[in-house]
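Here's the structure we're looking at; comments come further down.
Here the structure is a predicted model, which means the values were calculated and not measured. If you read the sequence from its start, that first residue is 1, and numbering goes on from there. Just follow the structure's listing: the first ligand is 1, and inside any ligand the first atom is 1.
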Amino acid sequence: MELLRFSAFWCGTILFASLLLEEVESNIMKVRRLCKFCDVRKTNCTGKGSCKVECDITSICPNDDDVCVSIWRNNDDNITFDTVCHSPSQKLYGLVLEDYNNSKCEMKERKGMGSQFFICSCSQDECNEQIFFNSNMDSQVVAVILVSLVPLLVMAVFVITSFYVYRVYRQRQASSRRKKGAPMDFSDARAIMIDDEGSDSSSTHANNLNHNTELLPIELETLVGKGRFAEVYKAKLKQGSSVSEEQGFETVAIKIFSYEEYASWKNEKEIFSDADLRHENVLHFLTAEERKVQRQYWLITAYHPRGNLQEYLIHHIVDWHDLWMLGSSLTEGVAHLHSDHTLCGRYKIPIAHRDIKSSNILVKSDLTCCLCDFGLALRLDNTLSVDELANSGQVGTARYMAPEVLESRINLENIESFKQADVYSMALVLWEIISRCTAIGEVKEYVPPFGNLREHPCVESMKDSVLRDRGRPEIPNSWINHPGIQIVCASIDDCWDHDPEARLTAQCVAERFNDMDYLDKLSDRSDSEEKIPEEILVVDDEK
Ligand code: ADE
């Protein structure tokens, strides 16, 4: 019985305790929210960034489902904060609370409230104390940026894709035309003729070797030059494979080497293949071909109807303006060849021409020069060994050879020596131009430098004149009455110095020409006259 009473007591106690616990638990669940509750208070908060409401009252909200609310208002610079508890099931100032589940109070502007009005709600204790503006603005800004960028991106993708599709389409068309033997796209050839017409804008295009096995449809016309290694023809480049007047053509120059002169063709082709060589004062190269049937190698280049400078000077006298055009373009061309950087400042391999002479320079229709005949040219690559350089031997044309070349004492250890030898030859060409210029007074018949020597002087006779006698072409006093000629003659004198190291660089002479631009503007063009009507002559290259 005692045991029964004891058990009943403990069961009752346990039951009571569990009921009590349940009550406490439900009370805990029903704990109401603590919120800042100051109703309306003035504030210094400017409505930007984050602010702390100036409310020192924290209240237990009256209703179970109440959340914390803050309202910021700006009514004619009367700025206030409302901090309240409010049930989201009820409207507040006619507004539905939207964001009350948030843990932070993030302000959103509501329009049409009669003043600037921001409201936020949240459901954590005192969460309406620290309020945040602009977060919504940020996302709005991001949204605006995205909205404006997306169409731009879509457009860019569209343009790039269209361009790519167009390129692929053009390439397929061109290759199918080539397969069918249809007319080829000779855009480069056309550029060559634009060059001839005086616009050199195309001269900076990259070099283009004909990698197709197909040969260009070319019709040789007249022989315009004959050298030791090759002959040069004026030719028509037909745009279609069938010969037709309507199909149009471009005029080009074809330098033809026999199979025996393979080395010379290969060297010139390799020099031309360097895209960095391209310059308005260097002959514009189109392509190189092997013509197996004729057992020939061809180089196809721009054609310049005025021919080479020597022919030009034989048949024409020039005025100061012409001299300036010819001289400055010649020096620019040599300077570009020798330079170790392109016009855009990129590194390039310097090249020595090693056969500069007036017959290896062409006169373009605007009376500027371009260098041609790179058969002996040498790429002054740092990787060239002294042996390789030495093997290249004494090359060039004896009449134009620098003293150290005549003596075979060129300093092979220094690539500058090859440039210095070129500068010596360039000085002789400048002398030739001046000798035919009206600005010197009486102009005599054209004579080459060291014209007193026989037609093709050998190395030994040149050694006698240039080394033993230290002879140079004469610069009469009468020549230097003209201020421009005086400056050019002073440069020539510096360029043919016996000591290669003492010579000017081609770049320096080119700059001196540039500085004389003002003299060119003062020049009187009336003294220019043509001596003999222009005709195409075939000249024998002097080697
Ligand atoms: N003689 C040698 N090359 C020539 C060219 N490209 N144009 C005209 N005459 C030339």
Under-4.0 Å heavy-atom contact with ligand 1, by part of Asn308 that carries it:
neither

Any heavy atom of Ala253 sitting closer than 4.0 Å to ligand 1?
yes

When the ring centroid of Tyr297 is compared with that of Tyr262, is the distance short of 6.0 Å?
yes

Apply the side-chain contact (heavy atoms from CB on, under 4.5 Å) test between Val429 and each candidate in Ile434, Asn360, Ile356, Leu313; give the one that qualifies.
Ile356

Tell me, which protein residue and heavy-atom name are nearest atom 6 (N) of ligand 1, and how many Å apart are they?
Ala302 O, 2.8 Å

Charged N to carboxylate O under 4.0 angstrom, Asp493 versus Arg472?
no

Those atoms of ligand 1 less than 4.0 Å from some heavy atom in Thr301
6 (N)

For atom 2 (C) of ligand 1, what is the nearest protein heavy atom, given as residue, atom name and distance?
Val232 CG1, 3.6 Å

Without placing hydrogens or testing angles, list every side-chain donor-acceptor pair under 3.5 Å for residues 473-488, not counting sequence neighbours.
residue : atom : partner : partner atom : Å
Asn481  : ND2  : Ser478  : O            : 3.4
His482  : ND1  : Gly484  : N            : 2.9
His482  : ND1  : Ile485  : N            : 3.1

Ionic contact status for Lys463 with Glu407, cut-off 4.0 Å:
no

Tell me the protein heavy atom at minimum distance from atom 10 (C) of ligand 1, and give that distance in Å.
Leu362 CD2, 3.6 Å

For atom 8 (C) of ligand 1, closest protein heavy-atom neighbour:
His304 O, 3.0 Å

Which atom names give the shortest non-hydrogen contact between Arg228 and Glu261, and what distance separates them?
O-OE2, 4.5 Å

